Amino acid sequence: DSDISTWNGQIFYLEFAGEEYLSYNGLLTIEDINVPAFEAPSELAGQEEAIITDLVTRLQEFFAGSGVVFTSEKPDTCLGFSTIYIGGNDSAFAVYSKLLGLAEKVDVGNTDRTDIAFVFADRIAQEYRQSDLFTSKLFETIAHEVGHLLGYEHHKTVTDQSLLSSVAQEVGGN
């Protein structure tokens, strides 16, 4: 859907503090997912707040003019908002694929303004060890999963084998 007017006012809450007992209700259902608080890899230890501020700024710039808003402060609960949980690894989904990020769905038309996604910062740190690559890949993965929650899907190829391929950024994949 090329009409992005449905994005206007969409809030994305970037949750870095960690959360327990989450449920993923996408192409399959997985319950009791625990996402630990975001920790920068060892070479960036102690720089978490600077990384978070940079990510929010970069996302606001990247999506400028779209009507989408990003925040690392939890919005008022009476407002509908989508949540991106950032931290930990993909162990809850390991049986399906190695993942950098995963959205609940491809939300064409942005009809669900309270959907969720996960970005696995520990997996990104493991795959992209250099500090400059880590922050860039973290930004790219967040933007990728936001895209799914706004309705963008992957161009399918014959090599897409994972059950979660349509809503995930897999290690070494799209």
Side-chain angles (χ1 to χ4, degrees), residues 1-19 22 24 26 35-41 43-44 46-77 79-90 99-128 130-155 164 166-171 173-174:
D1 185 0
S2 61
D3 177 16
I4 66 167
S5 66
T6 60
W7 300 2
N8 195 39
Q10 171 67 60
I11 300 169
F12 285 99
Y13 169 46
L14 307 177
E15 170 59 82
F16 291 93
E19 190 72 42
L22 296 168
Y24 173 80
V35 178
F38 169 72
E39 290 183 10
E43 58 275 359
L44 295 171
Q47 298 181 44
E48 286 83 1
E49 286 303 316
I51 292 168
I52 291 167
T53 300
D54 179 59
L55 287 168
V56 172
T57 300
R58 288 175 68 183
L59 288 161
Q60 292 285 37
E61 290 171 358
F62 186 77
F63 286 91
S66 69
V68 174
V69 176
F70 294 89
T71 183
S72 60
E73 301 290 326
K74 190 167 188 172
D76 184 346
T77 56
L79 301 173
F81 60 90
S82 293
T83 304
I84 314 287
Y85 296 96
I86 302 164
N89 62 46
D90 59 345
L99 306 173
L100 302 178
L102 174 67
E104 203 167 36
K105 64 180 146 269
V106 174
D107 187 11
V108 177
N110 195 35
T111 59
D112 182 355
R113 290 179 168 248
T114 61
D115 41 14
I116 68 168
F118 298 93
V119 172
F120 305 112
D122 292 355
R123 169 62 77 183
I124 293 170
Q126 180 182 359
E127 298 293 326
Y128 300 89
Q130 295 174 312
S131 59
D132 58 329
L133 291 177
F134 170 77
T135 55
S136 292
K137 193 63 177 181
L138 188 60
F139 163 76
E140 177 187 309
T141 305
I142 295 168
H144 181 102
E145 300 314 325
V146 165
H148 288 316
L149 297 181
L150 292 172
Y152 283 95
E153 60 186 349
H154 297 153
H155 174 73
L164 300 172
S166 65
V167 291
Q169 184 168 19
E170 297 176 294
V171 173
N174 293 337

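Here the structure is a predicted model, which is why all the values come from computation and not from measurement.
- Every side chain to side chain donor-acceptor pair (under 3.5 Å) that E127 has, sequence neighbours left out, goes to R123.
- Taking both residues in full, the closest heavy atoms of A37 and A17 are given as CB-O, 3.4 Å, listed atom of the first, atom of the second, then distance.
- The two atoms that bring G101 and F120 nearest to each other are N-CD1, 3.9 Å, heavy atoms only.
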In residues 52-60, what donor-acceptor pairs under 3.5 Å come from side-chain atoms, sequence neighbours left out?
{"from": "T53", "atom 1": "OG1", "to": "E49", "atom 2": "O", "distance (Å)": "3.0"}
{"from": "T57", "atom 1": "OG1", "to": "T53", "atom 2": "O", "distance (Å)": "3.0"}
{"from": "Q60", "atom 1": "NE2", "to": "F70", "atom 2": "O", "distance (Å)": "3.2"}

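- Taking the salt bridge (Lys or Arg N to Asp or Glu O under 4.0 Å) definition, one finds that D112 meets it with K105, sequence neighbours left out.
- Using a 30° and 60° split on the angle between ring planes, H148 and H144 fall in the perpendicular class, above 60°.
- To the nearest 0.5 Å, atoms CG (L100) and CZ (F118) are separated by 15.0 Å.
- Judged as a side chain to side chain contact (heavy atoms under 4.5 Å, CB included), and not counting sequence neighbours, the contacts of N110 are T6, W7, Q10, D107, R113, L150.
- The heavy-atom pair separating L138 from A121 by the smallest distance is CD1-CB, 4.3 Å.
- Sorted by first and then second residue, the salt bridge (Lys or Arg N to Asp or Glu O under 4.0 Å) pairs involving residues 68-77 (not counting sequence neighbours) form an empty list.
- Within a 6.0 Å radius of CZ in F139, more than 12 heavy atoms belonging to other residues, nucleotides or ligands are found.
- Under the rule for a side chain to side chain donor-acceptor pair (under 3.5 Å), Y128 has no partner lying at least two apart in sequence or in another chain.
- How far CD of E104 is from OG1 of T114: 8.0 Å, rounded to the nearest 0.5 Å.
- Nearest heavy atom pair, residue L149 against residue A103, reads CD2-CB, 3.9 Å.
- Closest approach of G151 to V106, counting heavy atoms only: O-CG1, 3.4 Å.
- Taking P75 as the reference, I11, Y13, T71, F81 meet the side chain to side chain contact (heavy atoms under 4.5 Å, CB included) condition, with sequence neighbours excluded.
- Here the CD1-CD distance, from I84 to E15, works out to 11.0 Å after rounding to the nearest 0.5 Å.
- Taking OG1 of T135 as the start and CD1 of I124 as the end, the distance is 10.5 Å to the nearest 0.5 Å.
- Residues passing the ring pair (Phe, Tyr, Trp, His ring centres under 6.0 Å) test with F134, sequence neighbours excluded: none.
- Annotation: E19, atom CD; neighbour count of heavy atoms from other residues, nucleotides and ligands within 6.0 Å is above 12.
- Checked against side chain to side chain donor-acceptor pair (under 3.5 Å), E140 has the following partners two or more places apart in sequence or in another chain: K137, Q169.
- Contact detail for S66 and F63: the closest heavy-atom pair is OG-O, 2.6 Å.
- With Y85 contributing its side chain and L14 its backbone, the two residues share no donor-acceptor pair below 3.5 Å.
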